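None of these values were measured; they are calculated from a predicted model. Start at 1 and go down the list; that is how both ligands and their atoms are numbered.
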Amino acid sequence: MKKIISAFALFVSCLSFGQGNTHNQAGGKFEGLAMTPPMGWNSWNTFGTDINEKLVKETADIMVSSGLAAAGYNYIVLDDGWMTRERDANGDLVPDPVKFPNGMKALIDYVHSKGLKFGLYNCAGTQTCAGYPGTRGYEYQDARFYAKLGIDFLKYDWCNTKGITAPEAYTTMSNALKVAGRPIVFSLCEWGDNQPWEWGKPIGNLWRISGDIYPCFDCEFKHPENWSSWGFMKIAEMRKDIRKYSGPDHWNDFDMMEVGNEMNDTEDKSHFAMWCMLSSPLFTGNDYRKMSKETLAILTNKDLIAVNQDKLGIQGFKYAAEDGLEVWVKPLSDGNWVITFLNRSDVARKVNFDFKKNTIKDADFGYEADFNKVTYKIKDLWQNKEIGTTKKNFVSDLASHDVITLRLMP
Ligand code: GLA
């Protein structure tokens with residue numbers, strides 16, 4: 001009898017364990033999936049909805065062969081345009097069979113086989129921004145669909161959402177992902193319209209803080225339909241007061257990068273430096289197949305990536321600005337600081353920074369660098385060399401739109 005009871009108990013416990021995966025209680029994101037800002041590639045900035053299997057495979061191949069993966073980039077995310085215009089008879093989403101002739105599952109398996117992760121896009125509304133089926137009313141069904149496909153990342157947009165609120169809609173999808181049982185990074189993309197930094201932390205791993213990026217240094221691009229896209233410097237300083245909301249597993253997302261697209265290498269350097277200073281997720285948005293060696297060198301600068309990926313996860317801030325010469329700073333986990341001089345103006349400027357006259361205080365997180373008390377060694381992260389200490393002024397010419405990033409080491 002004892003044997004029968006224990007066999008029965010084992011059977012019951014297996015049963016409830018098995019059910020545990022499919023009947024997870026809602027409430028709270030999968031924790032710990034993005035302890036440093038996620039890094040990868042997203043199709044939107046270069047390809048829009050013109051995406052396909054060949055592009056994804058080639059991108060995954062180059063991510064590995066070029067050294068991007070070794071530098072930390074590991075998510076391949078397909079943005080809008082991966083589905084057909086209608087759901088199937090069961091209400092399931094349908095990956096476009098023309099764009100993905102071997103099916104989405106085979107493609108995801110391919111990306112996984114390269115040691116990479118895979119993400120998809122959808123929208124909280126009735127349709128995506130490009131008019132494909134949105135998730136509204138299908139949250140649990142779509143979450144099961146994604147879990148079964150084996151995706152690792154979901155970007156969830158905010159078009160066609162009349163009648164719903166962002167906290168409700170994003171909470172519902174977060175719960176649905178949790179119940180579906182596969183750990184999936186949840187990326188909130190409602191452009192900062194509803195202050196996601198105030199309610200997003202328990203439900204998502206990152207949230208966009210702005211409208212879409214535009215491949216320019218400091219412009220506003222006005223679309224005819226009455227909305228704007230923004231140059232990277234506009235986004236960098238758009239929300240001055242929200243850095244305290246960003247940190248490990250809950251990042252302010254400054255949008256996918258435009259490095260390697262329409263700006264010159266100097267501006268691309270500045271763009272990359274800013275995204276690293278701001279602890280933004282680092283999603284490349286260029287065509288890897290046409291990438292110049294300069295673009296690759298910018299994207300794989302190990303010292304800059306280390307700034308972005310620092311485990312303290314503190315978003316940098318603008319410390320000073322004069323005549324378009326901006327000084328951004330960021331404290332790191334090992335007591336180092338990073339200081340970035342960025343020339344936002346249209347003419348060359350001279351940097352002359354007297355450390356002794358500048359005590360840097362981070363009021364949000366309580367860090368301080370007092371150069372009269374502590375001398376720091378200086379490493380130039382773009383030239384990859386040590387260049388002295390904070391005992392002397394840092395003096396340098398700085399071309400228009402160019403950047404200097406220094407790591408200060410006590
Ligand atoms: C919105 C998002 C973009 C992109 C497009 C796709 O504009 O902000 O990042 O996902 O939708 O249609």
Handout entry: Centroid separation Tyr376 to Phe355 less than 6.0 Å
Key =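 No, they do not, as the ring centres are separated by 6.0 Å or more.
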Handout entry: Between Phe283 and Phe153, ring centroids under 6.0 Å
Key =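 Yes.
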Atoms in ligand 1 with a heavy atom of [X] nearer than 4.0 Å:
| X | result |
| --- | --- |
| Cys189 | 2 (C), 8 (O) |
| Cys129 | 1 (C), 11 (O), 12 (O) |
| Arg208 | 8 (O), 9 (O) |

Heavy-atom nearest neighbour in the protein, as seen from [atom], with distance rounded to 0.1 Å:
| atom | result |
| --- | --- |
| atom 9 (O) of ligand 1 | Lys155 NZ, 2.7 Å |
| atom 10 (O) of ligand 1 | Asp79 OD1, 2.6 Å |
| atom 12 (O) of ligand 1 | Asp80 OD2, 2.8 Å |
| atom 11 (O) of ligand 1 | Asp157 OD2, 2.8 Å |

Handout entry: Other residues, nucleotides, ligands: >12 heavy atoms within 6.0 Å of Glu198 CD
Key =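 Counting neighbours around CD of Glu198, more than 12 heavy atoms of other residues, nucleotides or ligands fall under 6.0 Å, so yes.
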Exercise for the section: Look at atom CG of Asp241 and say whether more than 12 heavy atoms of other residues, nucleotides or ligands are closer to it than 6.0 Å. Expected result: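 Counting other residues, nucleotides and ligands, CG of Asp241 stays at 12 neighbours or fewer.
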Problem - Any Asp212 heavy atom less than 4.0 Å to ligand 1 - result: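 Per 4.0 Å heavy-atom rule, Asp212 contacts ligand 1.
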Problem - Contact check, Trp191 vs ligand 1, heavy-atom distance below 4.0 Å - result: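 Under 4.0 Å: yes for Trp191.
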Practice task
May I ask you to say whether Asp109 pairs ionically with Lys105, meaning some side-chain N is under 4.0 Å from a carboxylate O?
Solution key: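 A salt bridge links Asp109 with Lys105.
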Exercise for the section: Could you tell me whether Cys159 approaches ligand 1 through its side chain, its backbone, both or neither, with non-hydrogen atoms closer than 4.0 Å? Expected result: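 The answer is neither.
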Problem - Donor-acceptor contact below 3.5 Å, side chain Trp82 vs main chain Tyr121 - result: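 It does hold such a pair.
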Exercise for the section: Flag the pair Trp251 / Ser279 as yes when at least one side-chain heavy-atom distance between them is below 4.5 Å, and no otherwise. Expected result: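 Heavy-atom side-chain distance check passes, below 4.5 Å.
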